[in-house]
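No experiment lies behind these values; they were computed from the predicted model shown. Residue numbers count from 1 along this sequence.
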Amino acid sequence: MKNAIYRKNTNINQKMGIVLIIFSLFSSTTIFAQDYSKPIEAFSKSFADKNTEALLPYISMDLQFGEIPKKNSPAIMKNIVTNLPKLNSMNIIDSEDGKAKVVYDFEGLGKSESYIYFDKKGKITKIQFVEDLIQQEAEARRQQQGVQLPNPGALGDKYIPTKVEFAAQDGLFINANLYEIDKKKPIVLLMHQANSNRIEYADIAPKLNEMGYNCLVVDLRAGGPLAGKPNKTRVRAVEKKLSNEMIDAQKDIIAAINYLNEKYSKKVIVWGSSFSSSLALLEGYNNDKVKAIIGFSPGDYFGDAAPSLSNVFSEIDKPYFVTSSKDEAKTLKALIGNLKLKKNQFQFIPESNGFHGSRALWEGQEGSGEYWNAVKSFLKQVN
């Protein structure tokens, strides 16, 4: 009887063992299919490294953001990991076959949750977080069209610039407009944003003249046409087959600073818009010929080609004034960090929605008055 019971229990145990083995195998397979920790770790590392090298093996050829062509996806990913503030953490909080719910914690931006989607090979096909950022940026740009072109008005007739040229170190001649009122007055170097030119300052430079400043407005090689006017420096760069990426415009900025320093024998206030405001900070930090820096919408636009602005802000002793649209202010604040700003160092956050770049100051632009008041206050303190 005991043997019969033993045999019966043994059979049951054997059957249960088989079931457990099968369940274990099924469970292991399921866990493996849902284990997306490696691509998430690679994504997190890309933010730390400010490049996508670690992430590339986990990106599917089918990765696409909205209606943007798939061929642009690598460039978008590079911009995202380069330009966002420091990533404190990125963790999976839930997953199922084909997607993982991830919580992101960016310095200055706080925490957010969204899904990352994967193909059967575990490669990333969609990143909701990035798509949301793209949609937010597109919406912000639609809302920020505002005044389409600068309007010099009566001051434009009063202060008429002289066309000047000077050579950068690589031989490229830089095209510029010089608004000179008095050689004894302070000097401001004005630089445009991407896909733009000197016309960006057509109504800003005369106002600075009226305030008592000489101005040099340059065409940087990283630019384009605006208001029907070409960017002559870029045209020459293309003709000479010289690189005209944003970082290459630093050569033009150095040449402009040298030109003004030699002409007026005094230090220069450098003023940039978007990418050129970042170059103004990067160059102004070390250049003894720079007196102060004004930056409209600076950011980490250059990937591995230049240090992060967070390094500049942590060490710079010179006066600076940085600002942006209200939406961009958190990202800019994250780059500045929790530093105690030194004398004559300011981040201005507008009460209005504001605008990206120096166009925030254009005549008729909503909120331009508050930007101008802040700029005037800064200039008064550094002169």
Side-chain angles (χ1 to χ4, degrees), residues 27-68 70 72-140 299-301 303-304 308-311 313-314 324-339 349:
S27 177
S28 298
T29 304
T30 304
I31 292 171
F32 179 78
Q34 296 179 12
D35 184 7
Y36 300 121
S37 58
K38 288 186 177 179
I40 300 304
E41 288 172 4
F43 198 7
S44 180
K45 181 172 172 30
S46 292
F47 280 104
D49 297 344
K50 294 295 182 183
N51 67 63
T52 57
E53 185 175 343
L55 184 61
L56 287 177
Y58 300 100
I59 294 180
S60 168
M61 294 292 289
D62 293 325
L63 176 65
Q64 185 174 9
F65 301 105
E67 300 299 320
I68 301 173
K70 293 179 183 178
N72 294 338
S73 295
I76 291 172
M77 289 305 305
K78 183 177 180 181
N79 286 335
I80 291 294
V81 302
T82 298
N83 293 324
L84 283 179
K86 178 184 176 182
L87 178 69
N88 294 323
S89 63
M90 178 190 300
N91 297 301
I92 297 174
I93 56 175
D94 191 18
S95 67
E96 56 187 271
D97 197 25
K99 65 179 181 179
K101 192 174 186 180
V102 176
V103 58
Y104 307 84
D105 182 7
F106 288 97
E107 193 168 286
L109 299 180
K111 295 183 179 181
S112 62
E113 299 177 5
S114 62
Y115 282 100
I116 295 178
Y117 296 83
F118 302 86
D119 62 17
K120 292 182 179 180
K121 296 181 179 179
K123 294 194 173 186
I124 298 172
T125 59
K126 180 179 178 180
I127 306 173
Q128 189 62 51
F129 169 70
V130 177
E131 290 209 355
D132 291 344
L133 287 177
I134 293 171
Q135 290 176 6
Q136 290 170 16
E137 176 67 16
E139 181 60 27
D300 282 344
Y301 297 115
D304 297 334
S308 170
L309 289 185
S310 61
N311 297 328
F313 285 125
S314 66
S324 63
S325 69
K326 184 179 287 187
D327 286 342
E328 296 169 319
K330 285 186 178 180
T331 303
L332 180 54
K333 179 63 176 71
L335 287 172
I336 297 172
N338 296 319
L339 302 170
I349 301 174

Just wondering, more than 12 heavy atoms not from Lys333 lying within 6.0 Å of its NZ?
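Yes, because the 6.0 Å sphere around NZ of Lys333 holds more than 12 heavy atoms from other groups.
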
NZ/Lys99: more than 12 non-hydrogen atoms of other groups inside 6.0 Å:
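Yes, enclosed.
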
Are [X] and [Y] close enough that some pair of their side-chain heavy atoms sits under 4.5 Å apart?
| X | Y | answer |
| --- | --- | --- |
| Phe118 | Ile124 | yes |
| Thr52 | Pro74 | no |
| Leu335 | Ser308 | yes |
| Ile92 | Tyr36 | yes |
| Phe43 | Val102 | no |
| Lys70 | Asp62 | yes |

For the ring pair Phe129 and Phe106, is the centre-to-centre distance below 6.0 Å?
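Yes: the rings meet the under 6.0 Å criterion.
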
According to ring pair (Phe, Tyr, Trp, His ring centres under 6.0 Å), does anything in residues 74-100 pair up with another residue at least two apart or in another chain? List the pairs.
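Applying ring pair (Phe, Tyr, Trp, His ring centres under 6.0 Å) to every pair that reaches into residues 74-100, excluding sequence neighbours, yields nothing.
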
Minimum heavy-atom distance between [X] and [Y], given as atom pair plus value:
| X | Y | answer |
| --- | --- | --- |
| Glu53 | Asn51 | N-OD1, 3.0 Å |
| Ser114 | Gln128 | CB-CB, 4.1 Å |
| Ala54 | Ala42 | O-CB, 3.4 Å |
| Ile59 | Leu63 | CG2-CD2, 3.5 Å |
| Leu55 | Ser46 | CB-OG, 3.2 Å |

Nearest 0.5 Å, please: how far is [atom2] in [Y] from [atom1] in [X]?
| X | Y | atom1 | atom2 | result |
| --- | --- | --- | --- | --- |
| Ile80 | Lys78 | CD1 | NZ | 13.5 Å |
| Ser325 | Ile349 | OG | CD1 | 10.5 Å |
| Asp49 | Thr82 | CG | OG1 | 10.5 Å |

Quick check: does any side chain N or O of [X] sit under 3.5 Å from a backbone N or O of [Y], one acting as donor and the other as acceptor?
| X | Y | result |
| --- | --- | --- |
| Ser44 | Ile40 | no |
| Gln64 | Ile68 | yes |
| Lys111 | Asp105 | no |

Go through it in stages, so that I can follow the logic: the residues are Phe313 and Leu332, the test is side-chain contact (heavy atoms from CB on, under 4.5 Å), and I'd like the CA-CA distance, side-chain angles, deciding distance and then a yes or no.
CA-CA 10 Å; Phe313 285 125; Leu332 180 54; 4.3 Å; yes

Could you walk me through whether Leu339 and Ser314 satisfy the side-chain contact (heavy atoms from CB on, under 4.5 Å) test, starting with their C-alpha distance in whole Å, then the side-chain angles of each, then the deciding distance to 0.1 Å, before giving a yes or no?
CA-CA 7 Å; Leu339 302 170; Ser314 66; 4.1 Å; yes

Charged N to carboxylate O below 4.0 Å: is that the case for Lys123 and Asp119?
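Looking at Asp119 together with Lys123, the answer is no, because their closest N to O distance does not fall below 4.0 Å.
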
